[in-house]
Amino acid sequence: MSRKDKDPLSSEIEAALEGVNLQEIGDGAPANSKSGGAKSGSANAGASGSKLKRGTIVGISGKDVFVELGPRVQGVIAIDQFDTTPKVGESFEFSMHGREDDLWVLSRREAQAVAAWDDIQPGSLVKARVTGQNTGGLELKVGPLAAFMPASQVGLSHESNLSTYMLQTLVCQVIEVDAGRKRILLSRRAVLEKERDVERREAVGKFATGQVLRGKVTRVE
């Protein structure tokens, strides 16, 4: 299907995404490279792939959390990968990223992302934090997940300076989710349009026959 045969929104999104790699948006350092926590630098870090494994917290020492993964199999993870300080006996899912000093180097980021993908559906409302911008629109994070908002979907009218949105948290509507391509597309315009429609209906409900109102001319055709 050619671009001219597609609906306007699809065409806008395609144009905005030209040259944009959504999988690179929001990419940070490797999960096991943070300082001050679980050790990194193992030659075989990441050799285990990204399979998730459930483990139980068995101890905390400074910034390191120790996890029991199975009989005589333990791992370590930086405490800052938890939203709140975990408790001994609690269970979580982890991804395993190589061994060091007989311990698996663990991460929760992938497990958290998998859970988030399950929660996000087209049409749902989410809070997203603006982390960057490019020629096509805004780069955002929804929890641990990277997302993109085409410039045409930022406001009700054309936004000439997208940098004013940097680091803001916006309520957005999910317009597309593709877990296989790690692609989330958002629209703030859809939320603003719904709010505007509600305000209009409420305003119309206050009108009465014979009432005199002052109006402003906004368009002549």
Side-chain angles (χ1 to χ4, degrees), residues 1-31 46 49-52 81-83 92-95 97 107-202:
M1 183 184 293
S2 64
R3 178 175 295 176
K4 66 180 181 180
D5 296 326
K6 296 182 179 180
D7 63 85
L9 177 56
S10 296
S11 298
E12 289 175 6
I13 292 172
E14 267 197 14
L17 289 176
E18 286 184 1
V20 177
N21 186 345
L22 292 182
Q23 296 189 23
E24 292 180 353
I25 292 178
D27 280 354
S50 59
K51 184 177 179 181
L52 297 181
Q81 289 202 35
F82 296 85
D83 295 330
F92 302 90
E93 286 195 327
F94 304 91
S95 53
H97 299 268
S107 172
R108 289 200 64 224
R109 292 189 178 89
E110 185 172 350
Q112 290 169 325
V114 169
W117 278 116
D118 292 340
D119 295 336
I120 294 179
Q121 300 294 332
S124 60
L125 297 182
V126 297
K127 287 185 178 180
R129 182 171 174 80
V130 180
T131 58
Q133 69 172 105
N134 54 54
T135 55
L138 294 176
E139 301 168 3
L140 309 96
K141 294 296 286 291
V142 181
L145 303 177
F148 181 73
M149 185 186 300
S152 64
Q153 298 300 308
V154 175
L156 291 173
S157 58
H158 175 69
E159 298 280 351
S160 59
N161 186 9
L162 295 180
S163 64
T164 60
Y165 289 94
M166 282 298 298
L167 303 182
Q168 288 190 35
T169 298
L170 309 175
V171 176
C172 311
Q173 181 173 309
V174 179
I175 56 178
E176 183 178 324
V177 178
D178 188 335
R181 297 163 67 185
K182 294 185 178 179
R183 168 168 159 158
I184 300 177
L185 299 181
L186 303 176
S187 171
R188 178 171 173 262
R189 187 174 79 183
V191 175
L192 297 178
E193 287 175 344
K194 289 180 179 178
E195 291 177 350
R196 182 183 60 186
D197 291 343
V198 170
E199 291 174 356
R200 283 177 176 174
R201 287 195 297 270
E202 291 177 348

Rounded to the nearest 0.5 Å, what separation is found between the CG atom of Leu140 and the CG atom of Leu186?
6.0 Å

Rounded to the nearest 0.5 Å, the CG atom of Leu145 sits from the CD1 atom of Ile184 at a distance of 4.5 Å

Working to the nearest 0.5 Å, report the span between OG of Ser152 and NE2 of His158.
10.5 Å

Those residues at least two apart in sequence (or on a different chain) that pass salt bridge (Lys or Arg N to Asp or Glu O under 4.0 Å) with Glu176 are Arg183

Gln81 side chain vs Arg108 backbone, donor-acceptor pair below 3.5 Å
yes

With a 4.5 Å cut-off on side-chain heavy atoms, are Val174 and Val142 touching?
no

Residues at least two apart in sequence or cross-chain that pass ring pair (Phe, Tyr, Trp, His ring centres under 6.0 Å) with Tyr165, listed by chain then number, are none

Strictly distance-based, threshold 3.5 Å: is any side-chain N or O of Gln173 a donor or acceptor partner for the main-chain N or O of Val191?
no

Over all atoms of both residues, closest heavy-atom pair of Leu138 and Val154:
CD1-CG2, 3.9 Å

How close do Arg109 and Ser107 get, heavy atom to heavy atom, and via which atoms?
N-OG, 3.2 Å

Measuring from atom CG of Leu192 to atom CD of Gln153, what distance do you get when rounded to the nearest 0.5 angstrom?
10.5 Å

To the nearest 0.5 Å, how far apart are CD in Glu193 and CZ in Arg188?
11.5 Å

How long is the straight-line distance from CE of Met149 back to CZ of Arg189, given to the nearest 0.5 Å?
11.0 Å

I'd like to check the salt bridge (Lys or Arg N to Asp or Glu O under 4.0 Å) partners of Glu195; sequence neighbours left out, ordered by chain and number.
none

Please confirm whether the backbone N or O of Glu139 pairs with a side-chain atom of Thr131, one donor and one acceptor, at under 3.5 Å?
yes

